[in-house]
2 protein chains.
Amino acid sequence: MFDIEALIETLTENIKELFFKEWINLDLKFSKSEIFTMLLIDKSKEITMSEFAENINVPMSTATGIADRLVKNQYLKRERSEEDRRVVVLKLTDKGSQMVKELKEMISKYLNMVMDDLTDEEKQFLGKIAFKIIDIFKSNREPEVTHDLKKEKIKTIEIE
Amino acid sequence: MFDIEALIETLTENIKELFFKEWINLDLKFSKSEIFTMLLIDKSKEITMSEFAENINVPMSTATGIADRLVKNQYLKRERSEEDRRVVVLKLTDKGSQMVKELKEMISKYLNMVMDDLTDEEKQFLGKIAFKIIDIFKSNREPEVTHDLKKEKIKTIEIE
DNA sequence: TTAAATAGTTCGGTATACGAAATATTTGGA
DNA sequence: TCCAAATATTTCGTATACCGAACTATTTAA
């Protein structure tokens, strides 16, 4: 165990800077979903709606909305699959690819800004630790949560 | 410089686990704002609306909304300041304090889950590095961003 | 050849964010 | 003292995002 109070204190003191400054998003015209969507599609070149929804962990109707916005603003294009005409494939437009390029540059600049302040030894550790943390999250372990904190799954129904 | 492509690859591969799993929020009935609000008030015991809005970096009208929800669900109470009757003071209710206690336990469990997998040396480095990173963010430095990425500040006005 | 399954979108309701106007109270002169 | 300006907060109207359920189009399987 370690000092949770001190940590929470640090967290709350830095809330404003760390969490409400919208992070990667600070002054950009894209939301978190939109940025990840573009990076995701850039990586795989194209993606179906189902794959997309699965990847970002939202229902199809939400995925449609995210894609809609990006298509409307011409960062993505929708195409029907030739093999299965029910399937919609999302691709980056040229404008979208250009944006991804700029996004990557920006992310890179941010990272370098952080990295510049770390020693080589610290950088090495950071790399190792980051992967460990990612693995832990990926392994899907969850601590037990007190009942109160859980979302109510059962709704009351009013009868008149 | 370092390998931005590899990093973005790692990020996108882990999008689902790291970012869309709602992080601290995974199955809880509170939003990010609400959790931070309760932790914030717990720390200072009470807070005015202006202080609150300033701390979480939102306009007053938004702060009112966040407080409204928490008051409605009885985690917070609103009180008028005796000295200046314009001022509203937010405090945790007993229910709210209990919730903060549970939240802290949960955060602690998550952290320990991560910490258990790190060596002592890594833990030490993590602490040091975390503070460095926080300082960098707090120092408000920003990398230059290509014009395209910036939010349009000027809106077009339609004339009929 | 047609019912069931699959892929995606549309629609309607709900929640959140926030600017501008409104309300209430305090303060700083004339 | 009195009142206009300043301050603290809420209310209102609007815009945006999320998501379940119903719906459309297409493919599959019997």
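Nothing here was measured: the structure is a model prediction, and the numbers come from that model. All chains are named by letter (A, B, ...) in the order of the sequence lines, taking the proteins before the strands, and each is independently numbered beginning at 1.
Put simply, CG on A:Asn55 is 15 Å from P on C:dA7, counting in whole angstrom units. Between the CE atom of B:Met60 and the C1' atom of C:dA17 there is a distance of 15 Å, given to the nearest Å. What separates CG of B:Asp68 from C1' of D:dT10 is a distance of 8 Å, to the nearest Å. As rounded to whole Å, 15 Å separates atom P of D:dT7 from atom CD of B:Glu54.
The side chain of B:Arg80 contributes no N or O atom lying less than 4.0 Å from OP1 or OP2 of C:dT25.
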Inset, instruction - Starting at the 5' end of nucleotides 15-25 of chain D, put B wherever the base has a protein heavy atom under 4.0 Å, S where only the sugar-phosphate does, and a dash everywhere else. - result: --SSBBB---B
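In summary, B:Lys77 and B:Asp94 do not engage in a salt bridge, as defined by a charged side-chain N under 4.0 Å from a carboxylate O.
Residues that satisfy the side chain to side chain donor-acceptor pair (under 3.5 Å) test with B:Asn73, not counting sequence neighbours, are absent from this structure. Not counting sequence neighbours, A:Arg80 has no partner by the side chain to side chain donor-acceptor pair (under 3.5 Å) test.
A donor-acceptor contact shorter than 3.5 Å links the side chain of A:Thr93 to the backbone of A:Tyr75. In terms of modelled atom types and a separation under 3.5 Å, the side chain of A:Asn112 and the main chain of A:Ser108 share a donor-acceptor contact.
Of the candidates C:dT9, D:dT26, D:dT10, D:dT10 carries the atom nearest the B:Met49 side chain, counting heavy atoms from C-beta on.
Remark: B:Lys101 NZ is loosely packed, at most 12 non-hydrogen atoms of other residues, nucleotides or ligands lying under 6.0 Å away.
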